[in-house]
Amino acid sequence: AAAAMDDLRASEARLKAAREELARQALTDPVTGLANRVLLTERLTRAVARLRGDEAVAVIFVDLDRFKAVNDRHGHAAGDAVLQAVARRFAERIGAHGCAARFGGDEFCMLLAGEYSRESLVGLAEGLVRDAQLPIAHDGQLLLIGGSAGIAQFPDHGRTLHDVMVMADAALYAAKN
């Protein structure tokens, strides 16, 4: 009976670990380990629900420039190395004050909630672009890309989260052009 109980406890522990791993995989990007679009949307919704007074929720989109050329010239392993390096840099810059997420392909989204001035958000976006421009060592080569960023805030730039995301994306593509 004691052996059966030990087996049952071990099975329960394995099942719990498997459930936790499935939840992690469902909410994170497999290449970068950052939050994915699903988790980002969940955190955005929660951040908006907790807003008080002069607080806002800021969204910064960053798109990597010349990323396709890295993939085409050096292969997908090099592209993954670029995504991973940039993701680490972005996560470090955002820190515990927000959420860095891979939105898809070579596009990242940062979420910040609180009282941020326009100047501090622009400074943060410029820092993210500089982070993207730093060389990335891979397989004995230095890979060079760039970045462009767009910023929008809730509630200033839209009545819904979707509107704010659209505005940040539009700001990003205006910056690219």
Arg102: which of Thr32, Asn36, Asp29 passes side-chain hydrogen bond (donor to acceptor under 3.5 Å, both in side chains):
Asp29
Under 4.5 Å between any side-chain heavy atoms of [X] and [Y], yes or no?
X: Phe154; Y: Leu44; result: no
X: Val164; Y: Gln153; result: no
X: Val86; Y: Phe67; result: no
X: Val70; Y: His138; result: no

Determine, step by step, whether His157 and Asp163 satisfy the side chain to side chain contact (heavy atoms under 4.5 Å, CB included) criterion, reporting the C-alpha distance in whole Å, the side-chain angles of both residues, the deciding distance to 0.1 Å, and the verdict.
CA-CA 7 Å; His157 300 123; Asp163 293 345; over 6 Å; no
If Ile, Leu, Val, Met, Phe, Trp and Tyr residues are connected whenever their side-chain heavy atoms lie under 4.5 Å apart, and connections chain through other members, are [X] and [Y] in the same group?
X: Leu51; Y: Ile60; result: no
X: Phe108; Y: Val166; result: no
X: Tyr116; Y: Leu172; result: no
X: Val129; Y: Val82; result: no
X: Val38; Y: Val48; result: no

Test His74 against Asp139 for side chain to side chain contact (heavy atoms under 4.5 Å, CB included), laying out the working first.
CA-CA 10 Å; His74 302 283; Asp139 205 20; over 6 Å; no
If you apply the rule salt bridge (Lys or Arg N to Asp or Glu O under 4.0 Å), what do you find for Arg46 with Glu42, and how did you get there?
CA-CA 6 Å; Arg46 276 193 266 141; Glu42 180 182 307; 2.7 Å; yes
Find the distance between [atom1] ([X]) and [atom2] ([Y]) and round it off to the nearest 0.5 Å.
X: Asp65; Y: Leu144; atom1: CG; atom2: CG; value: 12.5 Å
X: Ile151; Y: Met110; atom1: CD1; atom2: CE; value: 11.5 Å
X: Leu142; Y: Leu134; atom1: CG; atom2: CG; value: 11.0 Å
X: Thr45; Y: Arg50; atom1: OG1; atom2: CZ; value: 10.5 Å

Is a salt bridge present between Asp131 and Arg89, judged by a nitrogen-to-oxygen distance below 4.0 Å?
no
Do you know the tightest heavy-atom contact between [X] and [Y]?
X: Gln133; Y: Gly147; value: CG-N, 4.5 Å
X: Ala100; Y: Leu34; value: O-CB, 3.6 Å
X: Ala168; Y: Ala152; value: N-CB, 3.5 Å
X: Ala149; Y: Ala175; value: O-CB, 3.3 Å
X: Leu40; Y: Met165; value: CD2-CE, 4.2 Å
X: Asp106; Y: Leu83; value: CA-CD2, 4.3 Å

Given the rule in the side chain to side chain contact (heavy atoms under 4.5 Å, CB included) test, do Ile94 and Leu111 qualify, once you have shown the distances and angles that lead to the verdict?
CA-CA 9 Å; Ile94 297 299; Leu111 159 67; over 6 Å; no
Is atom CZ of Arg73 surrounded by more than 12 heavy atoms (other residues, nucleotides or ligands) closer than 6.0 Å?
no
Please check if atom NZ in Lys176 has more than 12 non-hydrogen atoms from other residues, nucleotides or ligands closer than 6.0 Å.
yes
I would like to know whether Glu107 and Asp169 meet side chain to side chain contact (heavy atoms under 4.5 Å, CB included); could you show each step before the answer?
CA-CA 10 Å; Glu107 192 169 75; Asp169 198 43; 3.4 Å; yes
